[in-house]
Number of protein chains: 2
Amino acid sequence: MAKTVEQIATALNISITTVRLVLNNQAQQYRISSKTQARINEYVAEHGYTVNHAARSLKLNKTETLGLIIPRLSNVFFATLAEKLEIRCREAGYQLMISCTYSDLKYENKLVEALIARNVDGLFVVPSSLQSQKHHVKRSTKPLVLLDRDFGSPDVSLVVSDNRRGSAALTEAMFDAGKIPLFFMAGDIGQPTIKERMSGYEAVLAARGITDTRQWILEAAHNRREDGEMLMRTFLANHHAAPPAFIASSLPVLEGALSVLRTHFGFIPAEINIGTFDEHPMLGFLSNNIWSVRQDEDAWVEMAFHAMQQALQGGGESQRAIIPMTLLYRQRAGQNRDQIILGSI
Amino acid sequence: MAKTVEQIATALNISITTVRLVLNNQAQQYRISSKTQARINEYVAEHGYTVNHAARSLKLNKTETLGLIIPRLSNVFFATLAEKLEIRCREAGYQLMISCTYSDLKYENKLVEALIARNVDGLFVVPSSLQSQKHHVKRSTKPLVLLDRDFGSPDVSLVVSDNRRGSAALTEAMFDAGKIPLFFMAGDIGQPTIKERMSGYEAVLAARGITDTRQWILEAAHNRREDGEMLMRTFLANHHAAPPAFIASSLPVLEGALSVLRTHFGFIPAEINIGTFDEHPMLGFLSNNIWSVRQDEDAWVEMAFHAMQQALQGGGESQRAIIPMTLLYRQRAGQNRDQIILGSI
DNA sequence: CTGAAAGCGCTAACAA
DNA sequence: TTGTTAGCGCTTTCAG
């Protein structure tokens, strides 16, 4: 067990203050005799010393720890986000505590409480619903920064992507490339992000004179892989064929939809044109034409952290940031190249 | 700000103990008068109360928090692992603090210190090297459970997959399916996991009478996406064609390798036979024949947590678990089905 | 340059 | 059934 300041002090027969001073690199400043310093350093090298954050935090009422609450880490989008936010926090000297709600509202509330009880200095959360934890946080006076989903609560800092425009750009690109009919596989449309994406899609179609989009839109209850599976299974059952082009409202939905195709056909038919949100390197595994809308996580992190810092320093104003999205296109090339594969198989 | 026990007590003119008792649901036991209980509950309903874990932890010297240190969350394997471990910890009433090292040894040490300073009750870590943080942990007497990589340190609990056998099974399957030459793209072979995987591969080839495997093995310095890219780029430059069959030593390496193919050809040539470790749903995005070796994360988590609990309860013995792997095969079906796609494109 | 003391909010032990 | 107290390890303030 690493020693405490007091243990060191008594062991060396010096005062606590003196020990503290050199431990905190204030030896110079207070002109501690160099032999005293040496003794202390020696002792520490021998027995070790780690500050006890619990005690420190109790006294100072801060922990240098921030909390992040997301739906799930197995969603690669959130995993990436968590990673980037962690890096940013670390740069600023904060530890980030990451926790998942699994979209369970009750659990989300418990988590918020748990993190506040653990005295985090502030909280980033991807909320599951409107009311959610606001009262907890308000009561605790801890800074709160909402991410990803705009349920419209005022007076809270918020960072989201410009999903509507992003979706519109995606739809336009695919539409203009002649990919029709262009289906839209939507997860939970009660969720603001999805709702925005869908409305961007509908707006473009309407502008193109396609009014009856009903049969192009397929809805599921949630945003999970299973929901994507269900959507594609239903599609296959109804059409006895794969869609020539579709947009998935989120990565998990896409994963589910594609897994069904993979199972059904034994491969992912290369002629299918795929649109999706949440760019991820593994999308490159697909050989299809694929349009993906990237959320600029770096910008998110920057804005979110900035808002957090403001709040931590007692800055009053809550901030709202709407981050532009970028459209990426991976084109499938023609197959007729000579000698693609080495040797015979 | 939620009140403290003392504030509640003074506000209500009761003793701290009494308040504590009802707050901890021991009212029955100590037969607190129901009117007192009512008063307290009312007050709490009104003003709220959250225990201060810092104070609690200072007194009890435990935090009900465990730490997890992994290389990176953007590695989907570790993200999945983190998620599962988090769930398990939560079931047992522990919060899990997840942190990433980005394979930086210095940072790994800092992190271990940081988490110990924050008084975690125990630590799970995917170590970057042999010596690493052992001394920190030893000195702190906190339980330690190592994951994923066996650097051979004795007297520490450890959970790893049976990489050698897993790799052998994979190699056999691909070999027996006639996929030759079968290249092996290896990340950092200094890392025990990769070393084991490679030796499993070599053993099978040797048993099949293929002695000169040199030209089939491609090595990189690390296990990152970039390394996979480099390997495949080099391969293409040397052979002017893609490999008919290859095994990637880990998911990031595969991601990199495939991204180069995708860029080079405009798609992932479907005739390539792919073997990889770290099964992940997104592998289904590929239309190729694909063999993947799954690590049984659920078993890992169970063993790791069990070892942790033992240690937390002062159980002396350190535990070593070697978890079997499972081989999965996704076969590519023939392309000649009628009417795969709906309508014309 | 060094020392002493109070107190952060909680728990456990003991008193009443 | 309820009240009192000591002390976890640290920081801050004031006194030498």
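The chains referred to below are lettered A, B, ... by the order of the sequence lines, with proteins before strands, and numbering in each begins at 1.
- Residue contacts shown for A:Ser57 are absent, as no nucleic acid heavy atom lies under 4.0 Å away.
- With a 6.0 Å radius and a threshold of 12 heavy atoms from other residues, nucleotides or ligands, A:Glu42 has its CD atom at or below the threshold.
- Under a 3.5 Å cut-off, the side chain of B:Glu64 and the backbone N or O of B:Gly93 do not form any donor-acceptor pair.
- Per the geometry, NZ belonging to B:Lys62 stands 10 Å off P belonging to C:dT11, to the nearest Å.
- At least one side-chain nitrogen or oxygen of A:Tyr49 sits closer than 4.0 Å to the OP1 or OP2 atom of D:dC10.
- For A:Leu21 and C:dA4, the CG to P distance is 15 Å, given to the nearest whole Å.
- Ion pairing between B:Lys84 and B:Asp298 holds under the 4.0 Å rule for side-chain N and carboxylate O.
- The number of heavy-atom neighbours closer than 6.0 Å to CD of A:Glu317, taken from other residues, nucleotides and ligands shown, is 12 or below.
- No more than 12 heavy-atom neighbours from other residues, nucleotides or ligands sit within 6.0 angstrom of CD1 on B:Ile322.
- Per the geometry, CG belonging to A:Leu60 stands 13 Å off P belonging to C:dC8, to the nearest Å.
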State the dot-bracket string of DNA chain D. Criteria: Watson-Crick or G-U wobble, both atom distances under 3.5 angstrom; notation: ( ) intrastrand, [ ] crossing earlier pairs, | interstrand, . unpaired.
-> ||||||||||||||||
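- Residue A:Ile40 contributes atom CD1, which lies 11 Å from atom C1' of C:dT2 at whole-angstrom precision.
- Residue A:Thr18 places at least one side-chain N or O closer than 4.0 Å to OP1 or OP2 of C:dG3.
- For an aromatic pair to be called close, the ring centres must be under 6.0 Å apart, and A:Trp300 with A:Phe77 satisfies this.
- Between B:Arg20 and C:dT11 there is a side-chain N or O to OP1 or OP2 distance below 4.0 Å.
- When rounded to the nearest whole Å, the span between CG of B:Asn119 and P of D:dG9 equals 10 Å.
- One N or O on the side chain of A:Gln7 and one on the backbone of A:Thr4 form a donor-acceptor pair closer than 3.5 Å.
- A straight line from CG of A:Leu58 to P of C:dC8 spans 9 Å, rounded to a whole angstrom.
- Separating the CZ atom in A:Arg88 from the CD atom in A:Glu83 is a distance of 15.5 Å, to the nearest 0.5 Å.
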Listed pairs, N/O of protein and of nucleotides 5-7 of chain C, under 3.5 Å:
from, atom 1, to, atom 2, distance (Å)
C:dG7, N2, A:Lys59, NZ, 3.2
C:dG7, N3, A:Lys59, NZ, 3.3

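- Nearest to the side chain of A:Ser15, among C:dT2, C:dC8, D:dG3, sits C:dT2.
- Around atom CD of A:Glu6, no more than 12 heavy atoms belonging to other residues, nucleotides or ligands sit under 6.0 Å away.
- Distance, B:Glu6 CD to D:dT5 C1': 12 Å, rounded to whole Å.
- OP1 or OP2 of D:dT2 has at least one side-chain nitrogen or oxygen of B:Thr36 nearer than 4.0 Å.
- Straight-line distance from the CZ atom of B:Arg56 to the P atom of D:dG9: 17 Å, rounded to whole Å.
- In this structure, the side chain of B:Arg72 does not engage the main chain of B:Ala79 through any donor-acceptor pair within 3.5 Å.
- The side chain of A:Ser33 lies closest to C:dT2 when the candidates are C:dG3, C:dT2, D:dT12.
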